[in-house]
Student: 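Can you keep this structure in mind? I'll have questions shortly.
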Amino acid sequence: MSTILVINGPNLNLLGQRETHIYGSQTLEDINAGLQTQAEKAGLDIDFVQSNAEHEIVEHIHQAGKKKVGLIIINAASLTHTSIALRDALLGVKIPFIEVHISNVYSREEFRKHSYLSDIAAGCIVGLGVQGYELALQAAIRQLTSSKNQD
Ligand code: DQA
């Protein structure tokens, strides 16, 4: 049975206190607890990492390539708009990933409209609040448990 890895990038450790009018009042711990329950119900393993450092996220992606990670759910936060290193790491490990953004990045500043990840993602969920993580996990569960994907 493969594992799902949820990666959160810079400043998402501040969820619940950071710009709550944009990102809501749930903490990352609240969100991850909900995802843990959702994954357990589906009989899948799930791991969580958050880092404020680009090189640490690159390392986590490399480690995922060595472990049995079947799918990555990633909110790369600001690194979405800047990081060729993250793009290359995701391409390098060839693990399908779903890109999540809590806010609607297309209705905000111009610089948030470009993502280094979207064109190589299996799918993108933006602007649906923290529910985006649940929806991404629902899609991941469906992909990993459908009969043609089972090992
Ligand atoms: C974000 C959007 C990014 O532009 C921003 O830098 C974040 C959070 C989101 O989830 O809406 O930190 O990824």
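Numbering of ligands and ligand atoms starts at 1, following listing order. Please read all numbers here as calculations on a predicted model, not as lab measurements.
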Student: Give every pair made of an N or O atom of ligand 1 and a protein N or O atom lying under 3.5 Å apart, one pair per line with both atom names and the distance to 0.1 Å, or write 'none'.
Tutor:
residue, atom, partner, partner atom, Å
ligand 1, 4 (O), H81, NE2, 2.7
ligand 1, 4 (O), R112, NH1, 2.8
ligand 1, 6 (O), S78, N, 3.2
ligand 1, 6 (O), R112, NH1, 3.1
ligand 1, 10 (O), N75, ND2, 2.8
ligand 1, 10 (O), I102, N, 2.8
ligand 1, 11 (O), I102, N, 3.2
ligand 1, 11 (O), S103, N, 2.8
ligand 1, 11 (O), S103, OG, 2.6
ligand 1, 12 (O), R18, NH1, 3.2
ligand 1, 12 (O), R18, NH2, 3.0
ligand 1, 13 (O), N75, OD1, 2.8
ligand 1, 13 (O), H101, ND1, 2.8

Student: Which residue is it: L117, I73, V69? I am looking for the one with a side chain to side chain contact (heavy atoms under 4.5 Å, CB included) to F97.
Tutor: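 Checked L117, I73, V69 against F97; only one passes side chain to side chain contact (heavy atoms under 4.5 Å, CB included): L117.
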
Student: Could I get the full list of salt bridge (Lys or Arg N to Asp or Glu O under 4.0 Å) partners for K67, not counting sequence neighbours?
Tutor: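 By the salt bridge (Lys or Arg N to Asp or Glu O under 4.0 Å) rule, K67 matches no residue at all.
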
Student: Would N8 and Y133 count as having a side-chain donor-acceptor pair, cut-off 3.5 Å?
Tutor: yes

Student: Could you go through the side-chain contact (heavy atoms from CB on, under 4.5 Å) check for I72 and I7 one step at a time?
Tutor: CA-CA 7 Å; I72 293 173; I7 301 176; 3.8 Å; yes

Student: Step by step, work out the side-chain contact (heavy atoms from CB on, under 4.5 Å) result for Q131 and I102.
Tutor: CA-CA 8 Å; Q131 191 199 8; I102 297 166; over 6 Å; no

Student: What class does the angle between the rings of H81 and F111 fall in, given that below 30° is parallel, 30 to 60° is tilted and above 60° is perpendicular?
Tutor: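 Judged by the thresholds at 30° and 60°, the geometry between H81 and F111 is perpendicular.
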
